[in-house]
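Step one of this worksheet: look at the structure below.
Side chains are part of it too, since the values below use all heavy atoms of this structure and drop only hydrogens, waters and symmetry mates.
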Amino acid sequence: MHAMQYELTLPADYDTETIRTRVARIGHLLDDWDGLGFKTYLLRERGRYGSPVNQYAPFYLWNTVEGMNRFLWGGAFQGLVNDFGRPEVRQWAGLGYAEGRGTRPTFAVRRRQPVPQGIELAGLMEDAAAEAGRLADEDGAVLAAAAVDPHRWELVHFSLWEHDTPKADGDVFQVLRLSAPGRDRLPRGRQW
């Protein structure tokens, strides 16, 4: 499992309906993308749900690196680059994944945190993977994942929720759409 996200921070007066329309128009294009576990089309709007910014920030879990590379280098990503410029694409290696009992995600929570110096890595990674399972067990949780970027030494916790009161800390996003052609094939539990 491989996690990926890019963020397009938009002007404060940006009409976010433009993003909603874009997602409605082209979101279906990844509904059968080989190698994709899921893509969540995420939006933060300034002043809503604690967001200080307008931001479009899709989050992906990939089953295969080949599927991710085909998306990035095979032309699909180029449309976004043409319209908004080339964003920095963040990537994390999967640590843990769990399915919840919820079915229709409306909100997502993403929390990034640095891996402290001098800490025993195996224990921290084990805790991060277990956190995904704990979050997925919460009422209203659809799924939860944890991943790490060993270049920046950063953990990311990601979860989807059926309601606007998620039981997770972090940046809250509205889920505009979910494309999940390979979600059922994402490996469950700890990833090592």
Nearest heavy atoms of P58 and K39, plus distance in Å: CB-CE, 3.6 Å

Closest non-hydrogen contact found for P114 with P116 is O-CD, 3.4 Å

Under 6.0 Å from the ring centre and within 45 degrees of the ring axis: does the NZ or CZ of R188 meet both conditions for the six-membered ring of Y97? no

Side-chain contact, heavy-atom cut-off 4.5 Å: W92 with Q5? yes

How close do D32 and P181 get, counting heavy atoms only, and between which atoms? CA-CB, 3.8 Å

Could you tell me if the side chain of L178 sits less than 4.5 Å from the side chain of F38, heavy atoms only? yes

Does the Q91 side chain pair with the main chain of V89, one donor and one acceptor, at a distance under 3.5 Å? no

Criterion side-chain hydrogen bond (donor to acceptor under 3.5 Å, both in side chains) on H157 and E131, from CA distance to verdict: CA-CA 8 Å; H157 298 270; E131 174 74 359; 5.3 Å; no

Pair Y56-Y41, side chain to side chain contact (heavy atoms under 4.5 Å, CB included): steps then yes or no: CA-CA 8 Å; Y56 177 55; Y41 298 78; 3.3 Å; yes

In this structure, CG of N63 is separated from CZ of R183 (nearest 0.5 Å) by 12.0 Å

Can you give me the closest heavy-atom contact between V115 and L124, atom names plus distance? CG1-CD2, 3.6 Å

Does a salt bridge link E7 with R90, judged by any charged N lying under 4.0 Å from a carboxylate O? no

Is D34 salt-bridged to R70, cutoff N-O under 4.0 Å? yes

Taking C-beta and beyond as the side chain, do L61 and H2 meet within less than 4.5 Å on heavy atoms? no

Rounding to 0.5 Å, atoms CG (L121) and CD (E126) come to a distance of 13.0 Å

More than 12 heavy atoms of other residues, nucleotides or ligands under 6.0 Å from CH2 of W73: yes or no? no

Which residues share a side-chain hydrogen bond (donor to acceptor under 3.5 Å, both in side chains) with R22, sequence neighbours left out: D83

Following the transitive rule for hydrophobic clusters with a side-chain heavy-atom cut-off under 4.5 Å over Ile, Leu, Val, Met, Phe, Trp and Tyr, establish whether L8 and F77 coincide in one cluster. yes

Let me see the working for Q78 and R86 under side-chain hydrogen bond (donor to acceptor under 3.5 Å, both in side chains), right down to the final yes or no. CA-CA 8 Å; Q78 190 64 47; R86 187 176 63 200; over 6 Å; no

Do the side chains of W192 and L95 get nearer than 4.5 Å, heavy atoms only? yes

dist Q113:CD -> L155:CG (nearest 0.5 Å) comes out at 5.0 Å

Would you say that more than 12 heavy atoms from the other residues, nucleotides or ligands in this model lie under 6.0 Å from the CG of D127, or not? yes

Does any non-hydrogen side-chain atom of Q174 lie less than 4.5 Å from one of T106? no

For residues 135-151, run the donor-acceptor check on the side chains, cut-off 3.5 Å, and write out each pair with its distance to 0.1 Å, sequence neighbours left out.
residue : atom : partner : partner atom : Å
E138    : OE2  : R134    : NH1          : 3.0
D149    : OD1  : H151    : N            : 2.8
D149    : OD1  : R152    : N            : 3.2

Are R20 and E45 within salt-bridge range, i.e. N to O under 4.0 Å? yes

Criterion side chain to side chain contact (heavy atoms under 4.5 Å, CB included) on L160 and T40, from CA distance to verdict: CA-CA 9 Å; L160 292 178; T40 52; 3.7 Å; yes

Any side-chain heavy atom of R111 within less than 4.5 Å of one from V156? no

Do S179 and D31 have a side chain donor and acceptor closer than 3.5 Å? yes

Neighbour count >12 (heavy atoms, 6.0 Å) for atom CZ, R104: no

Approximate separation, where rounding is to 0.5 Å, of T21 OG1 and I26 CD1: 11.5 Å

Identify the two heavy atoms, one from V53 and one from S51, that lie closest to each other, and give their separation to 0.1 Å. O-OG, 2.6 Å

Report yes if some heavy atom in the side chain of M125 is under 4.5 Å from a heavy atom in the side chain of R190; otherwise report no. no

For the residue pair T103 and E162, establish whether any side-chain heavy-atom pair is separated by less than 4.5 Å. yes

Should the pair Y60 and W62 be assigned to parallel (<30°), tilted (30 to 60°) or perpendicular (>60°) ring geometry? parallel

Euclidean distance, N54 CG relative to L43 CG, rounded to 0.5 Å: 7.0 Å

F173 vs F59, side chain to side chain contact (heavy atoms under 4.5 Å, CB included): CA-CA, chis, key distance, verdict: CA-CA 10 Å; F173 296 85; F59 191 93; over 6 Å; no

Single-linkage hydrophobic cluster, 4.5 Å side-chain cutoff, M4 and V23 together: yes

Exceeds 12 heavy-atom contacts within 6.0 angstrom, atom CG of D169: no

So if you build clusters from Ile, Leu, Val, Met, Phe, Trp, Tyr with side-chain heavy-atom gaps below 4.5 Å, do Y6 and Y14 land together? yes

If Ile, Leu, Val, Met, Phe, Trp and Tyr residues are connected whenever their side-chain heavy atoms lie under 4.5 Å apart, and connections chain through other members, are L42 and W33 in the same group? no

Quick check: closest heavy atoms across A122 and E120, and the distance to 0.1 Å? CB-OE2, 2.9 Å

Out of curiosity, does W161 fall in the hydrophobic cluster containing V175 (side-chain heavy atoms, cut-off under 4.5 Å, transitive links)? no

